[in-house]
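The structure appears below as structure tokens.
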Amino acid sequence: MTLNPLANPKGVKLVCELCQKPAFIQCTDCRVTYYCGVEHQRADWLGIHEKICQLLIPLRTATPFIASEEDRQKRRFQILEKQRQMIDLTRTTGQKLLFESKHEEAVPAAMQSLRFAIDVHGIASIELVPSYLILGEASIGLDRLNQAEQYLAQAQWTVLKTPECSNAIRSKLYRNLGLLYAAKGDFSEALRSLADDIWYASNEFGSDDIRTSGGYFHMANVFLRKEDMETADSLYKRVLDIWYDHLLKIVKMRTKTPIAPKGVGLVVAEINQEPDIGLDEAQEAEAKKVLNLIQEVYGQNNEVTKATLIKVTHALAMLYFVLRDGIKAVEFKNVAIRTCQDFPEDDPVAKDISSFDRFLTNASGI
């Protein structure tokens with residue numbers, strides 16, 4: 001992060017990236033971003049600017065004169081594609097920071113995603129809603145509930161006036177409304193909203209998809225706060241099953257023995273052409289938050305079965321394998337191995353753990 005004090009040239013309006021007040025500091029790396037002071041520059045750097053500093057230069061630098069209409073069209077298309085990529089990058093970063101409980105840092109990323117979405121889609125588009133939702137969830141995490149209500153009201157109004165709105169966006173809206181009601185202590189409304197979240201997500205992705213599991217997870221948290229452990233337990237197990245199956249698919253794909261081509265003297269492993277069903281940054285952060293919390297909840301519950309403890313431990317081992325954290329992957333794998341020593345060898349989870357253990361033992365690295 002660098003700073004450069006400046007005096008606004010006469011007639012040129014420079015505004016802060018975060019608060020839109022007059023700016024007096026310039027980022028000397030990109031030279032196209034300005035701030036009202038060091039505090040906002042630091043906040044933006046930690047939240048998103050470090051990732052997008054250089055990417056902003058072609059988007060904010062004046063375009064040279066282009067004589068050919070064909071070349072101008074090509075230039076506009078390239079800028080549009082870069083703006084779309086920035087929307088994805090900033091939203092994924094903002095969502096990741098939310099899962100890491102870095103609510104203050106998520107705000108700059110969400111604001112950037114909102115600006116780019118407005119540039120690409122216009123001020124009233126349904127495509128702005130995901131950015132409003134990140135801002136809303138960040139405000140909930142910061143206990144700024146009135147501000148959260150404003151963001152969610154804007155998102156809800158946009159959804160209501162857009163009949164063609166996707167089930168995926170409706171799901172995220174109701175999830176955030178559920179979080180808002182839960183923060184207010186209105187558990188009945190929170191559960192109604194989360195039920196709507198699950199319904200829309202199930203229609204869009206299926207009931208056993210990781211993108212649907214968030215609704216079950218937050219609903220389990222509400223029941224836990226209501227001290228209804230039986231219902232919370234059933235929902236946590238549903239979430240665990242969904243993440244376990246998804247991680248197992250990734251692990252099986254990445255540990256699959258390549259098929260050797262026939263009729264070749266020196267065998268060269270064939271490249272696996274199957275698409276990787278891995279996780280993006282936000283999903284990685286979500287998996288860590290969800291599975292570690294479930295393990296913590298079950299660790300405090302003496303009535304949890306050994307089979308459930310084994311499953312969550314193995315899920316964490318697979319997760320850290322996917323994240324390329326070999327030390328933690330082996331650590332959780334060893335706990336799972338010790339816990340399932342008296343389980344039948346034909347038990348499905350025990351077989352999965354045994355296969356995973358053999359791979360890690362034989363692998364030279366993760």
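Source: prediction; values computed, not measured.
- Arg192 has a carboxylate O that lies under 4.0 Å from a charged side-chain N of Glu189, or vice versa, which qualifies the two as a salt bridge.
- The existence of a salt bridge linking Lys288 and Glu284 is excluded, since no basic side-chain nitrogen approaches an acidic carboxylate oxygen closer than 4.0 Å.
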**Prompt:** Given Glu281 and Lys51, is the salt bridge (Lys or Arg N to Asp or Glu O under 4.0 Å) satisfied, shown in steps?
**Reply:** CA-CA 13 Å; Glu281 280 190 340; Lys51 276 191 171 184; 2.6 Å; yes
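- Side-chain contact between Leu291 and Leu240 is present, with at least one heavy-atom pair separated by less than 4.5 Å.
- Chaining together hydrophobic side chains whose heavy atoms lie under 4.5 Å apart places Trp199 alongside Ile126, Val129, Leu133, Ile140, Leu145, Leu152, Val159, Ile169, Leu173, Tyr174, Leu177, Leu179, Leu180, Tyr181, Tyr200.
- The local environment of NZ in Lys328 is sparse, with at most 12 non-hydrogen atoms from other residues, nucleotides or ligands closer than 6.0 Å.
- Looking at Thr90 and Gln112, their side chains never bring a donor and an acceptor atom within 3.5 Å of each other.
- Here the side chains of Thr212 and Ile210 are not in contact, with every heavy-atom distance at 4.5 Å or above.
- In this structure, Arg76 and Gln73 have side chains that are in contact, with non-hydrogen atoms separated by less than 4.5 Å.
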Ignoring hydrogens and angles, write down the donor-acceptor pairs under 3.5 Å from the side chains of residues 307-317, residues two or more places apart or on other chains.
from: Thr308; atom 1: OG1; to: Thr305; atom 2: OG1; distance (Å): 3.0
from: Lys311; atom 1: NZ; to: Asp241; atom 2: OD1; distance (Å): 2.8
from: Thr313; atom 1: OG1; to: Leu309; atom 2: O; distance (Å): 2.7
from: His314; atom 1: ND1; to: Tyr244; atom 2: OH; distance (Å): 2.9

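- The pair Arg170-Asp197 fails the salt-bridge criterion, with no side-chain N (NZ, NE, NH1 or NH2) lying under 4.0 Å from an Asp/Glu carboxylate O.
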**Asked** Between Val239 and Ile294, is a side-chain contact (heavy atoms from CB on, under 4.5 Å) present by the stated rule, with each step listed?
**Response** CA-CA 9 Å; Val239 176; Ile294 291 176; 4.0 Å; yes
**Test log, rule salt bridge (Lys or Arg N to Asp or Glu O under 4.0 Å), inputs Arg211 and Asp209** = CA-CA 5 Å; Arg211 289 164 291 187; Asp209 191 278; 2.9 Å; yes
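- A side-chain donor from one of Ser113 and Ser131 sits under 3.5 Å from a side-chain acceptor of the other.
- Using a 4.5 Å cut-off on side-chain heavy atoms (C-beta onward), His49 and Cys27 make contact.
- Residues Glu100 and Gln95 fail the side-chain proximity criterion, which asks for heavy atoms closer than 4.5 Å.
- Aromatic rings of Tyr216 and Tyr236 (six-membered ring for Trp) have centroids beyond the 6.0 Å cut-off, not under it.
- When ring centroids are compared, Phe321 and Phe359 come within the 6.0 Å threshold.
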